[in-house]
2 protein chains.
Amino acid sequence: MTTAIAALTKNQALVFETLARAKTPMSAYTILDQLRDNGFRAPLQVYRALDKLLDAGLIHRLESMNAFVACSHEQCHTAGLIAFAICENCGQVSEFADAAVSRHLTDWARDHKFNVAKTTIEIRGACNTCANA
Amino acid sequence: MTTAIAALTKNQALVFETLARAKTPMSAYTILDQLRDNGFRAPLQVYRALDKLLDAGLIHRLESMNAFVACSHEQCHTAGLIAFAICENCGQVSEFADAAVSRHLTDWARDHKFNVAKTTIEIRGACNTCANA
DNA sequence: AAGAATTGCGTAATGCTATAACATTTGCCA
DNA sequence: TGGCAAATGTTATAGCATTACGCAATTCTT
């Protein structure tokens, strides 16, 4: 077995590296623009790579802003539910796993016989730095 | 003082009634199509009404599917954080407020000096009925 | 190694979601 | 009744995502 990153194709690696460098969320079209020089010409080339990277747990999709970020945990796919705090001013994203929150939502699902596929938790607001500026 | 619903304008009322009848989430464009006979001609007419209804707490936006639902609580805007369980098969949405979840996320924000504007919690999956079918 | 199956890639076209910009109308109330 | 604020109507445009098709590369099997 090889590591997940070694298994990436050329396009997938290019998209992942672009996101990893950015540190803040990027839209698919922004990624596309940055990869024009690498031969990217159509949105689908980006979306296909993003799909695979999402499957591999290397990146996350932020539903509330139609954008994507590289995962900031080494082994985040092993963690359970992940939440995001997104600064609407500087774009900084904090990724965290809260076991208590995860447990309560799991309990709710069990009590209501709801079969969970995926859970999204996104906090929008201002980070400490921006709130004080 | 009048009730919130009495203060709605014609367009706002039309959009709200459309959502309330539907019981499942609708996109802005689906709403538009259903209101063509009522004189609606452009997306903006829908989006403007949706904005006001969101402000009034009469409807909710589901970030993970770019759609809107009528609020299912009488006085839900008085409740704190609201979470949604969305069945990806039948579209049914369950709206619930979990105090413990809310408290843990608030605690995280306080500990990290993050100034919360809005929080989104959306569970995607299969409802009990659909999971058994 | 040949053939089949799977996966990835390139391109064009299209569809869905949301807002900008500007003119006009409506309702309120001072 | 004049003036302001909010709501409306219309056109155009920006931004996000997928469908459809054909080809190329890779892997699996025999």
Side-chain angles (χ1 to χ4, degrees), chain A residues 1-2 4-16 18-19 22 24-56 58-69 86 88 91 118 120 122 124, chain B residues 1-2 4-19 22 24-56 58-69 88 91 118 120 122 124:
Chain A
M1 169 189 172
T2 59
I5 196 165
L8 296 182
T9 65
K10 179 168 167 267
N11 283 4
Q12 289 160 18
L14 284 168
V15 169
F16 178 70
T18 302
L19 277 175
T24 49
M26 297 178 78
S27 77
Y29 277 71
T30 304
I31 296 170
L32 173 59
D33 284 341
Q34 294 210 3
L35 290 176
R36 297 260 181 214
D37 293 343
N38 295 91
F40 275 55
R41 313 200 128 238
L44 200 49
Q45 295 175 288
V46 177
Y47 281 109
R48 285 201 274 232
L50 289 172
D51 280 345
K52 293 298 178 183
L53 294 170
L54 286 170
D55 282 350
L58 292 171
I59 66 172
H60 301 291
R61 177 189 170 86
L62 301 176
E63 304 286 355
S64 66
M65 56 189 303
N66 297 325
F68 305 83
V69 278
I86 305 165
E88 294 179 322
K118 182 176 187 288
T120 299
E122 296 179 16
R124 307 286 301 253
Chain B
M1 169 189 171
T2 59
I5 196 165
L8 296 182
T9 66
K10 178 168 167 265
N11 282 5
Q12 290 160 17
L14 284 168
V15 168
F16 178 69
E17 285 156 17
T18 303
L19 276 176
T24 49
M26 297 179 76
S27 77
Y29 278 72
T30 304
I31 296 171
L32 174 59
D33 285 341
Q34 295 211 2
L35 290 177
R36 298 259 180 213
D37 293 344
N38 295 91
F40 275 55
R41 311 200 128 239
L44 204 48
Q45 296 175 286
V46 177
Y47 281 109
R48 284 201 274 232
L50 289 171
D51 280 345
K52 293 298 178 183
L53 295 169
L54 286 170
D55 282 350
L58 292 171
I59 66 172
H60 301 291
R61 178 190 169 85
L62 301 176
E63 303 287 354
S64 67
M65 55 189 303
N66 297 325
F68 305 84
V69 278
E88 293 179 322
K118 183 178 187 289
T120 299
E122 296 178 17
R124 308 284 302 253

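Letters A, B, ... mirror the listed sequences (proteins, then strands); counts begin at 1. Basis for what follows: all heavy atoms, side chains included, without hydrogens, waters or symmetry-related copies. Bear in mind that the values here come from a model prediction, so they are computed numbers and not experimental data.
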Round to the nearest Å and state the distance from [X] atom [atom1] to [N] atom [atom2].
X: B:L44; N: D:dA7; atom1: CG; atom2: C1'; result: 11 Å
X: B:L62; N: C:dC16; atom1: CG; atom2: P; result: 19 Å
X: A:D51; N: D:dT19; atom1: CG; atom2: C1'; result: 14 Å
X: A:L53; N: C:dG8; atom1: CG; atom2: P; result: 11 Å
X: A:E63; N: D:dC16; atom1: CD; atom2: P; result: 14 Å
X: A:L8; N: D:dA25; atom1: CG; atom2: P; result: 20 Å
X: B:R48; N: C:dA20; atom1: CZ; atom2: C1'; result: 11 Å
X: A:Q12; N: C:dT7; atom1: CD; atom2: P; result: 13 Å

Considering all heavy atoms of both residues, which atom of [X] and which atom of [Y] are nearest to each other, and what is their separation?
X: B:Q12; Y: B:A49; answer: CA-CB, 3.9 Å
X: B:A22; Y: B:M26; answer: CB-SD, 3.5 Å
X: A:V46; Y: A:F40; answer: CG2-CD2, 3.8 Å
X: A:L50; Y: A:A28; answer: CD1-CB, 4.0 Å
X: B:P25; Y: B:L62; answer: CG-CD1, 3.5 Å
X: B:L53; Y: B:L8; answer: CD2-CD2, 3.7 Å

Subject >> Contact check, side chains of A:N66 and B:N66, non-hydrogen atoms, under 4.5 Å >> reply: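 Yes - at least one pair of side-chain heavy atoms lies under 4.5 Å apart.
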Original post:
Using 4.0 Å as the upper bound for N to carboxylate O, is an ion pair formed by B:R61 and B:E63?
Top reply: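 B:R61 and B:E63: salt-bridged.
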Original post:
Between A:T18 and A:Q34, do the side chains contain an N or O donor and an N or O acceptor separated by less than 3.5 Å?
Top reply: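 No donor-acceptor contact under 3.5 Å links the two side chains.
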Among [options], which is the nearest nucleotide to the side chain of [X]?
X: B:R61; options: C:dA18, D:dT11, D:dT18; answer: C:dA18
X: A:Q45; options: C:dT11, D:dG9, D:dT18; answer: C:dT11
X: B:K52; options: D:dA17, D:dT10, D:dA7; answer: D:dA7

**OP:** Mind running a 4.0 Å heavy-atom check of residues 36-43 of chain B against DNA chain C and sending the residues that fall below it, in number order?
**Re:**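 Nothing qualifies; none.
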Original post:
In residues 27-34 of chain A, what residues come within less than 4.0 Å of DNA chain C, judged by heavy atoms?
Top reply: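 Within this stretch, nothing sits under 4.0 Å of the strand.
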Original post:
Taking only N and O in the side chain of A:N66, is any of them less than 4.0 Å away from OP1 or OP2 of D:dA17?
Top reply: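 The answer is yes; a side-chain N or O of A:N66 sits under 4.0 Å from OP1 or OP2.
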Original post:
Closer than 4.0 Å, any side-chain N/O of B:T9 to the OP1 or OP2 of D:dA6?
Top reply: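 For B:T9, the contact criterion (side-chain N or O under 4.0 Å from OP1 or OP2 of D:dA6) is not met.
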